[in-house]
Amino acid sequence: MPSVTLPDGKQLEVKPGTRARDVVESIGPRLARDAVVAKLGGEVVDLEAPIDGGGLFEVLTKDSPEGLEVLRHSTAHAMAQAIMELFPGSKLTLGPPIENGFFYDVEVEGRITDEELPRIEERMREIAARDLPVTREEISKGEAERLYEDNPYKREIIAGLEDGDITVYRQGEFFDLCRGPHVQSTGRLGAFKLQNIAGAYWRGDEKNTMLTRVYGTAWPTEKELKAYLRRLEEARARDHRKIGKDLDLFTFSPDVGGGIPLFLPKGEMLRHLMEGYVRDVQTRHGYDHVWTGHLVNESLYEKSGHLEHYVDSMFPPMVEGETRYRLKPMNCPSHMTLFNSRAHSYRDLPLRYAEFATLYRYEKSGELNGLTRVRSLTQDDAHVFCTEDQVQEEFARALEIVREVLDTYGFNEYRVQLSMRDPDDSKYIADEQKWARAEQELREALDAAGIDYDEEAGEAAFYGPKADFMAKDVLGREWQLSTIQVDFLQPLRLGCEYVGEDNKEHTPVLLHRAVTGSTERFLGVLIEHYAGAFPVWLSPVQAVVIPVADRHNDYAREVSRRLGEAGIRVEVDDAQSSMQKKIRENARQKIPYLLIVGDNEAEAGTVNVRRRGEKQQEELDVGTFVEAVLEQVRSRE
RNA sequence: GCCCGGGUAGCUCAGAGGUAGAGCAGCCGCCUUGUAAGCGGCCGGUCGGGGGUUCGAUUCCCUCUCCGGGCUCCA
């Protein structure tokens, strides 16, 4: 008799006709209640699937990643059913589970607006209450095509499937072409909520029809759903656009143009401190800083290949006679031109050019988003010209800078995505050998540094592979921040050369790297990461002196003068309002230190220190306080 | 660029086919304060722009613009 192996190693014999749920029930009734799907020999299957032996048998509950995914997928089906019932004649397309939830793209008969979401949600609950059995059915390609006679989207999907490999899931009147698996019945869904409506092109191609996408979230329990919604709420409260406004950091104005952030004094102070910090680290690691302006003759981008690959992302040219200028969208060609401005010996290498460069990229208007997607940005870009033998070492050096900087900002957790070329895609400059070598160099360098990475085909830059650093912020959200790229192709195109030990001319290898990416975007991420409460070294205003009454203004100014002379960014709040109100307002501005001074402090030459986020105060000698703050700034804690 | 939603005072928001509201901020005055909003007064708006329907539009319709949520791309 055939048998399956349970996770504890026990063998279980299965009679012909046994289904997964029978096996689960034989293990235990409690498990049977929690089971969503099963996994047989590594493949996730329905509980109704027949089991005729064949390897490891595992039970997946809503709490397992796969079980949760199934739950979300089934919730998407319930939503699709609700939409079909409420908007008859609509055409379903795709409805997959995604992180935290699901969506379904539908060509709706009529229109779904936000007001409709509660209605759809209610109908979904009704469908769940009906507890319709969910059944799987294998059908032939011909049957599938007939079933979807008037649905061109599903027919397109069917066309790409193998006959004999097509399944339909049914629940009540509703059916959907679907690979599955799914929960046993609509009564076994968890807690869900529909979130928003969006447009989405069929197959993500803007030449295709725009479909209506409805997003929802689904969780095993009401409690988990609530917790997730709370997390979303918290993320909203941290939105850098909101905090940027509240803390007077930056603004946007249609008078200047969309996607062009304007920095107020405090925002500019942050930029200044962030860039100064990276500049110091780079200088310590032997990078030299350069400056290459804002306009570049277009012909340079023709030579480098950027014009061909990125013309859509460049602002239109400015024409002067025969010459066409472009706002600089990237620095590599300018830095290579710097390299070419003089002859080089192998003794000059590696040569490391870094620049905080203002770049202009034409992002489509709908793409702009606060500081994270802008049209004018400042990249902390660097290009290292080196010999092939030096690639490993220079990569390691760049890596060290990245690690040091990310660590300082408290991004302790990150993963690396190694983006490789898709050999079949023509957008990549062809040179089999050089690509292979560049990809190998990157792998070896990451291995040598002991860093884990995932490889992703088709994500590389047109000139070479890249290692992108995806860092997690305090809310666990991932951001792509740093990048290191190996380029064997552009230096050749732009004729970069050095004379080697052999007295012959060689083409250097070019390493591109950015640590914070763009100052604007990184600042946006930092604002959300810190929720506006920047560490002391980075705070635009580090301390505010608050006099208890007007008669303490002179002493407050005296304290402020001493702090200012020590290099601390300090202000006196001498507005005509109560001390309590000043504390409230400055606390809301996330000032690290509020220094209350009244009769006692003026008498003793001290300040009463109220630390950000703490109610407990401490009275300190002014000199002691200054030293403590300076130490915090020095250590960037 | 495309789909959906929005734009009312500097900010957060209420309102409704018939003379536009609140709180905060700002300004003036009183108070002189001991750890998260002291009190009173005043100022403040082409209800995003343009067009249409109407006796009358900020409200209904069209259009443009800007903002937001998505789709797509990212050197």
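Proteins get letters first, then strands, A, B, ... in listed order; numbering begins at 1 in each. What you are looking at is a predicted structure, and each value in this text was computed from that prediction instead of being measured.
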Within the sub-3.5 Å range, which N or O atoms of nucleotides 42-47 of chain B have a protein N or O partner, and how far apart are they?
none

Select base, sugar-phosphate, or nothing to describe what A:Gly598 touches, counting heavy atoms under 4.0 Å on all strands.
-> base

Selection from B:U32, B:G34, B:A75 that lies nearest to any side-chain heavy atom of A:Ala549 | B:U32

Pick the nucleotide of RNA chain B nearest each of A:Lys581 and A:His306; which residue has the one closer to the 5' end?
-> A:Lys581

Pair A:Tyr228-A:Thr217, side-chain contact (heavy atoms from CB on, under 4.5 Å): steps then yes or no | CA-CA 9 Å; A:Tyr228 173 68; A:Thr217 183; 3.3 Å; yes

Under 4.0 Å between any heavy atoms, over every strand shown, what does A:Lys242 touch: base, sugar-phosphate, or nothing? Just pick one.
-> nothing

Hey, is the main chain of A:Leu194 close enough, under 3.5 Å, to the side chain of A:Glu121 for a donor-acceptor pair?
-> yes

Assign A:Tyr215 to base, sugar-phosphate, or nothing according to its heavy-atom contacts below 4.0 angstrom with the strands shown.
-> sugar-phosphate

Pairwise P distance for B:C42 and B:A36, with rounding to whole Å = 31 Å

Considering only the C1' atoms, how many Å lie between B:G23 and B:G1, rounded to the nearest integer?
-> 40 Å

Specify the separation, in whole Å, of atom CZ of A:Arg213 and atom P of B:C2.
-> 19 Å

Does A:Leu620 offer a backbone N or O that forms a donor-acceptor pair with the side chain of A:Thr624 under 3.5 Å?
-> no

Base, sugar-phosphate, or nothing for A:Asp599, non-hydrogen atoms under 4.0 angstrom?
-> base

Please report, rounded to the nearest Å, how far the C1' atom of B:G68 is from the NZ atom of A:Lys245.
-> 11 Å

May I ask you to verify if any side-chain N or O of A:Asn369 is less than 4.0 angstrom from the OP1 or OP2 atom of B:G69?
-> yes

Taking atom C1' in both B:G6 and B:G34, what distance in whole Å separates the two?
-> 46 Å

Student check: side-chain heavy atoms of A:Val486 and A:Tyr463 closer than 4.5 Å | no

Residue A:Gln580, side-chain atoms from C-beta onward, closest of B:G34, B:C71, B:G68 | B:G34

Between B:C62 and B:A22, how far is it from one P atom to the other, in whole Å?
-> 33 Å

Closest to the A:Arg551 side chain, choosing from B:G68, B:U32, B:A75 | B:U32

For RNA chain B, what string of dots and brackets results from 5' to 3' when Watson-Crick and G-U pairs need both distances under 3.5 Å, crossing pairs get [ ], and pairs with another strand get |?
-> (((((((..((((....[..)))).(((((.......))))).....(((((..]....))))))))))))....

Interatomic distance where CD1 belongs to A:Ile260 and P belongs to B:C67 [whole Å] | 11 Å

Looking just at side-chain N and O atoms, do A:Ser577 and A:Lys582 make a donor-acceptor pair shorter than 3.5 Å?
-> no

Is there a donor-acceptor pair closer than 3.5 Å between any side-chain N or O of A:Ser578 and the backbone N or O of A:Lys581?
-> yes

Whole-Å gap separating C1' (B:G68) and CD1 (A:Ile197) = 15 Å

Counting any heavy atom closer than 4.0 Å, what does A:Arg373 reach on the DNA or RNA strands: base, sugar-phosphate only, or nothing?
-> base

Rounded to whole angstrom, note down the C1' distance from B:G10 over to B:C2.
-> 34 Å

Touch class at under 4.0 angstrom, heavy-atom based, for A:Asn608 against every strand present | base

Can you check whether A:Asp105's main-chain N or O pairs, donor with acceptor, with A:Thr93's side chain at less than 3.5 Å?
-> yes

Using a cut-off of 4.0 Å on non-hydrogen atoms, how would the nucleic acid contact of A:Gln485 be classed: base, sugar-phosphate, or nothing?
-> sugar-phosphate

A:Asp312 near the nucleic acid: base, sugar-phosphate alone, or nothing, with a heavy-atom cut-off under 4.0 Å?
-> nothing

For B:A37 and B:C31, measure between their P atoms and round to the nearest Å.
-> 22 Å

Specify the separation, in whole Å, of atom CD of A:Gln576 and atom P of B:A37.
-> 18 Å

Please determine if a side-chain N or O atom of A:Ser578 lies less than 4.0 Å away from the OP1 or OP2 oxygen of B:G38.
-> yes

Distance-only side-chain donor-acceptor flag, A:Trp202 / A:Glu156, under 3.5 Å | yes

What integer number of Å spans the P atoms of B:A57 and B:U72?
-> 45 Å

Mind calculating the distance between CD (A:Glu585) and P (B:A36) to the nearest angstrom?
-> 13 Å

Pairing of A:Arg610 and A:Glu618 as salt bridge, 4.0 angstrom limit = no

Spacing of the P atoms in B:G45 and B:G52 (rounded, Å) | 26 Å

Does a distance-only test, which skips hydrogens and angles, find a donor-acceptor pair under 3.5 Å between the side chain of A:Tyr201 and the base of B:G70?
-> no

A:Glu618 near the nucleic acid: base, sugar-phosphate alone, or nothing, with a heavy-atom cut-off under 4.0 Å?
-> nothing

State whether the distance check finds a donor on one side and an acceptor on the other, under 3.5 Å, for side chain A:Arg610 versus base B:U35.
-> yes

Which nucleotide in B:G69, B:U35, B:G34 has an atom nearest any side-chain atom of A:Ala198 | B:G69

Nucleotide B:G6, atom C1' - distance to CG of A:Asn196 in whole Å | 15 Å

Sugar-phosphate, base or nothing in reach of A:Lys615, heavy atoms under 4.0 Å | sugar-phosphate

Decide yes or no for A:Ile157 and A:Lys154: does some side-chain heavy atom of the first lie under 4.5 Å from some side-chain heavy atom of the second?
-> yes

B:C4 C1' sits how many Å from A:Phe87 CZ, rounded?
-> 13 Å

Looking at the rings of A:Tyr215 and A:Tyr104, which for Trp means the six-membered one, are their centres under 6.0 Å apart?
-> no

Those residues that, when tested against A:Met84, pass side chain to side chain contact (heavy atoms under 4.5 Å, CB included) (two or more places apart) | A:Ser90, A:Leu92, A:Phe174

Spell out, as yes or no, whether a donor-acceptor pair under 3.5 Å connects the side chain of A:Asp468 to the backbone of A:Thr483.
-> no

